Amino acid sequence: MQTKILLDEEEMPKRWYNIQADLPTPMDPPLHPATGKPAVPDDLRHIFPMELIRQEMSTERYIDIPGEVRDILTLWRPSPLYRARRLEAALKTPAKIYYKWEGVSPPGSHKPNTAIPQAYYNREEGIERLATETGAGQWGSSLAFATSLFDMECTVYMVRSSYEQKPYRKSMMQVYGAECIPSPSEKTRSGKAVLDKDPNTPGSLGIAISEAVEDAAAHENTNYALGSVLNHVCLHQTIIGQEAQQQLAAVDAYPDVVIGCVGGGTNFAGLSFPFAGAKITGKHPETDIIAVEPSACPTLTKGLYAYDFGDVAGLTPLMRMFTLGHDFVPPAIHAGGLRYHGASPLVSRLVQDGIVRPVAYRQNEVFEAAVMFARTEGIVVAPEAAHAVKAAVDEALRCRETGDAKTILFNNSGHGNFDFSSYEAYFAGKLVDYEYPAELIKESLARLPVTG
Ligand SMILES: *Cc1c(COP(=O)(O)O)cnc(C)c1O
């Protein structure tokens with residue numbers, strides 16, 4: 001009986017897997033926000049290093065992980081793969097449930113997998129400071145961790161609702177030497193514009209991105225770093241799925257179902273893209289790949305597949321993706337990392353092409369699954385990761401009905417050790433099960449930029 005499947009450090013993948021190489025048709029190009037013409041590398045040079053722009057557009061199947069980056073990743077990687085035997089027993093399911101545990105990184109989530117290479121490439125190109133946004137605080141603390149290892153400065157615009165719910169994430173950024181500012185702030189023009197309209201706004205990722213991009217564009221020594229959504233971020237996360245493939249192979253298993261939660265889509269991409277590649281190329285065409293989102297911010301299940309901005313102010317290139325409209329401000333649910341109006345263009349494409357199946361859940365049922373997971377497997381998961389737990393539980397219960405002994409794999413993207421105020425709200429019966437605000441979505445979709 002094997003509960004925990006570990007790899008040696010030397011077995012950590014040496015290359016990232018780029019799913020763009022295996023797409024049946026190329027991705028639609030990002031468009032310049034002002035001209036609406038396809039964006040060229042030079043359009044992005046004022047905020048990103050050349051190597052990340054190259055990776056963003058690359059169609060090479062594999063991209064080497066630099067030695068210095070691999071060295072740092074071994075601080076916590078390869079991450080363990082667990083078989084959730086006690087959860088299986090509690091559910092009385094014939095299914096086998098495996099999960100990849102990304103909460104072992106120092107900041108506690110999958111995000112350092114991309115924070116480290118992003119800081120590395122920026123430092124290689126002479127950048128001294130990175131500006132970024134953060135939702136739940138996971139990305140901010142991950143980039144703060146990464147920049148501290150490379151002796152760089154870091155400025156984090158943190159969505160105000162999370163800043164107030166999770167003061168200790170801010171403290172963690174401070175320990176790593178970063179500056180953390182609640183967003184919207186008075187520091188930027190885009191922040192001021194939002195505050196003028198609504199001084200009590202809970203903020204949103206879209207607003208915080210505008211502030212960080214504006215900050216980076218205004219300072220020569222500063223670049224912008226994004227913890228989710230973009231192709232190169234998905235790319236860096238594929239180390240998760242490649243490790244999982246090796247770990248499952250070690251016990252002669254292959255998943256029938258692969259599950260991840262989706263905010264911008266990168267932990268989901270990281271686990272699922274190697275399996276999606278095998279699905280597209282016909283090696284494993286039957287794999288059911290499930291993207292889980294909150295019903296309060298139902299980008300993949302209720303949004304439109306269209307060109308939209310990545311931020312509220314319209315400073316980022318237009319990307320073709322599932323979107324609820326760039327000025328959609330989702331309700332302040334406790335899975336702050338899943339409050340984003342858009343989704344990764346790569347994940348969106350796979351949903352559009354029927355390779356990935358999206359589902360949405362409400363807060364209370366998600367926390368119920370998270371509590372069951374804690375009481376069987378011991379780990380208190382992040383509210384974001386709890387969405388993946390809930391989908392895995394549902395799939396396992398379906399197996400109980402059908403008698404099917406499926407192998408289910410989900411990404412446990414992070415721990416919830418900074419999220420106890422959310423658990424407290426759940427136990428106190430204070431979590432609101434937002435139905436998606438249909439009228440709001442319709443209104444913001446009507447304001448989508450016109451392209452083509
Ligand atoms: C940020 C975060 C997410 C959501 O971001 P993705 O890019 O969709 O992965 C999910 N889980 C955890 C633990 C996070 O910190």
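Just follow the structure's listing: the first ligand is 1, and inside any ligand the first atom is 1. Predicted model only: the values in this text are computed from it and were never measured.
Here the shortest heavy-atom pairing between Asp43 and Ala39 reads OD2-CA, 3.3 Å.
Looking at atom 6 (P) of ligand 1, its nearest protein heavy atom turns out to be Thr266 N, 3.4 Å. Of the protein's non-hydrogen atoms, the one nearest atom 2 (C) of ligand 1 is Lys111 NZ, 2.3 Å. Taking atom 4 (C) of ligand 1 as the reference point, the nearest protein heavy-atom neighbour is Gly337 O, 3.5 Å.
Here the side chains of Tyr157 and Thr155 are in contact, with some heavy-atom distance below 4.5 Å.
Taking the six-membered ring where tryptophan is involved, the planes of Tyr423 and Phe427 are tilted, since the angle between them lies from 30° to 60°.
More than 12 heavy atoms of other residues, nucleotides or ligands sit less than 6.0 Å from atom CZ of Arg54.
Both cation-pi conditions hold for Lys170 and Tyr163: the charged atom is under 6.0 angstrom from the six-membered ring centre and inside a 45 degree cone around its axis.
In summary, the side chains of Gln55 and Asn18 do not present any donor paired with an acceptor at a separation below 3.5 Å, with no hydrogens or angles considered.
Close approach of ligand 1 to Gly414 is summarised as follows: ligand atoms under 4.0 Å from at least one heavy atom of the residue are 13 (C). Every atom of ligand 1 with a heavy atom of Ser413 under 4.0 Å away is listed here by number and element: 10 (C), 11 (N), 12 (C), 13 (C). Of all atoms in ligand 1, numbered sequentially from 1 with element shown, those under 4.0 Å from a heavy atom of Val262 are 8 (O). Taking a cut-off of under 4.0 Å to the non-hydrogen atoms of Ser228, the atoms of ligand 1 that pass are 6 (P), 7 (O).
Asp22 has no carboxylate O lying under 4.0 Å from a charged side-chain N of Lys279, or vice versa, which leaves the two without a salt bridge.
For the pair Gly264 and ligand 1, the shortest N or O to N or O distance falls below 3.5 Å.
Taking 4.0 Å as the cut-off, Ala136 does not count as a neighbour of ligand 1 on heavy-atom distance. Using a 4.0 angstrom heavy-atom cutoff, His110 counts as in contact with ligand 1.
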